[in-house]
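Just so it is clear, the values below take in all heavy atoms, side chains as well, and ignore hydrogens, waters and symmetry mates.
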Amino acid sequence: MAILAFDTSFNACSVAVWPAAPVARACARLEPMATGHAERLIPMIGDVLCEAGLGYGDVSSIAVTTGPGTFTGTRIGVAAARALSLALGVPIRPASSLSVIAWTAADQIGDVGTVTLCVALDARREEIYWQRHDGATGVALGPPCLSTPAAAAAEIADRPAIIVGSAGALVAAEARAGTTASAVRALMPDIAPDALSLARRACGLATVQHPEPLYLRAPDAKPPSGPAIERVSS
């Protein structure tokens with residue numbers, strides 16, 4: 001049996017399989033893309049399962065990022081996880097997309113010691129998505145947040161920190177400007193959630209049957225709330 005993990009929350013589509021049997025090997029793919037996640041996700045899942053020598057019947061649980069992220073991308077991943085869970089009769093293990101980025105960074109950097117590992121991503125409108133994690137364990141030190149870079153910097157400036165993501169340099173600059181700023185470094189501005197890092201840690205995540213997308217900001221497009229225009233009778 002194996003864990004199937006995937007992410008479509010930002011500008012990439014990532015899929016990984018983490019087999020339970022030690023003799024089997026993990027397989028993963030990550031493709032940068034701004035659009036087209038819906039078209040690529042299922043074919044990528046099939047390709048990764050095939051590469052691992054597995055089929056859908058070998059999947060024991062599904063790990064997926066639930067946000068924050070782009071509105072469409074987040075919905076694609078969550079909807080796919082729900083559909084596969086229903087079809088295969090397996091539970092879902094949801095994770096914050098920012099936590100998966102933190103785990104991805106830790107896997108790439110190696111031992112980061114006792115520093116705070118913070119993810120900071122540009123959310124536009126002069127705001128950022130961000131979340132803090134313990135560098136040694138990867139455990140989240142709080143929920144994903146939406147705030148200004150200055151507000152995020154005020155939360156992390158009291159101790160050494162590594163900040164990864166597209167808004168990392170901005171938050172680091174704000175932190176260094178504070179009177180209590182400690183050693184703060186910005187790394188990996190182009191990092192994306194890697195499903196392999198999610199799959200590797202998925203066994204430690206709680207299982208659910210019906211995960212919900214995590215939106216920290218309401219969508220820009222809203223249905224009209226006023227009275228509908230009457231039809232002209234023919």
Side-chain angles (χ1 to χ4, degrees), residues 7-12 14 32-35 37 64-78 94-109 112-194 197-198 211-222:
D7 164 76
T8 57
S9 57
F10 291 104
N11 291 333
S14 180
M33 61 182 69
T35 60
H37 300 74
V64 66
T65 53
T66 56
T70 66
F71 182 80
T72 301
T74 299
R75 289 187 69 86
I76 289 169
V78 172
S96 154
S97 58
L98 304 186
S99 285
V100 178
I101 290 177
W103 301 337
T104 302
D107 289 342
Q108 295 182 18
I109 297 171
V112 298
T114 59
V115 303
T116 297
L117 182 56
C118 182
V119 178
L121 303 177
D122 182 10
R124 301 182 180 180
R125 304 181 190 173
E126 299 182 348
E127 292 180 315
I128 63 169
Y129 296 127
W130 67 280
Q131 188 176 20
R132 294 182 301 152
H133 297 78
D134 182 276
T137 64
V139 174
L141 301 177
C145 301
L146 174 69
S147 73
T148 64
E155 294 289 333
I156 65 171
D158 60 339
R159 60 172 297 174
I162 293 175
I163 311 175
V164 300
S166 56
L170 185 58
V171 176
E174 291 278 1
R176 294 189 194 104
T179 56
T180 61
S182 301
V184 177
R185 292 184 293 158
L187 303 173
M188 302 180 176
D190 300 321
I191 193 170
D194 190 334
S197 295
L198 170 59
E212 295 292 337
L214 174 61
Y215 299 126
L216 299 183
R217 175 190 290 153
D220 293 332
K222 297 181 180 180

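Of all non-hydrogen atoms in A102 and L117, the two that sit nearest each other are O-CD2, 3.3 Å. V100 and S197 make their closest contact through O-CB, 4.4 Å (heavy atoms, listed as atom of the first residue, atom of the second, distance).
Side chain of S166 to main chain of D122: a donor-acceptor pair is present (N/O by atom type, distance under 3.5 Å, no hydrogens or angles). Between the H37 side chain and the F10 main chain, a donor and an acceptor come within less than 3.5 Å of each other.
Residues I109 and M188 are in side-chain contact: their nearest non-hydrogen atoms beyond the backbone lie under 4.5 Å apart. Residues T104 and I191 have side chains in contact (heavy-atom distance under 4.5 Å, counting atoms from C-beta outward).
Not counting sequence neighbours, the partners of A172 by the side chain to side chain contact (heavy atoms under 4.5 Å, CB included) test are I163, R176, V184, A186. Scanning for side chain to side chain donor-acceptor pair (under 3.5 Å) contacts around H133 gives S99, with sequence neighbours left out. E127 meets the side chain to side chain donor-acceptor pair (under 3.5 Å) test with R217; sequence neighbours excluded.
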(message) Could you go through V171 and I128, starting from their C-alpha distance and side-chain angles, then the distance that decides it, and tell me whether this counts as side chain to side chain contact (heavy atoms under 4.5 Å, CB included)?
(response) CA-CA 9 Å; V171 176; I128 63 169; 3.5 Å; yes

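Using modelled atom types, one finds no donor on one side chain facing an acceptor on the other under 3.5 Å when comparing T116 with R132.
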Acceptor/donor pairs from residues 142-149 side chains to any protein atom, 3.5 angstrom cut, sequence neighbours excluded:
residue, atom, partner, partner atom, Å
S147, OG, W130, NE1, 2.8
T148, OG1, A151, N, 3.1

Considering only distance and modelled atom types, tabulate donor-acceptor pairs under 3.5 Å from the side chains of residues 64-71, sequence neighbours left out.
residue, atom, partner, partner atom, Å
T65, OG1, D7, OD1, 2.6
T70, OG1, S9, O, 3.3
T70, OG1, G73, N, 3.1

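The side-chain hydrogen bond (donor to acceptor under 3.5 Å, both in side chains) analysis of residues 134-146, with sequence neighbours excluded, yields the pairs D134-T137.
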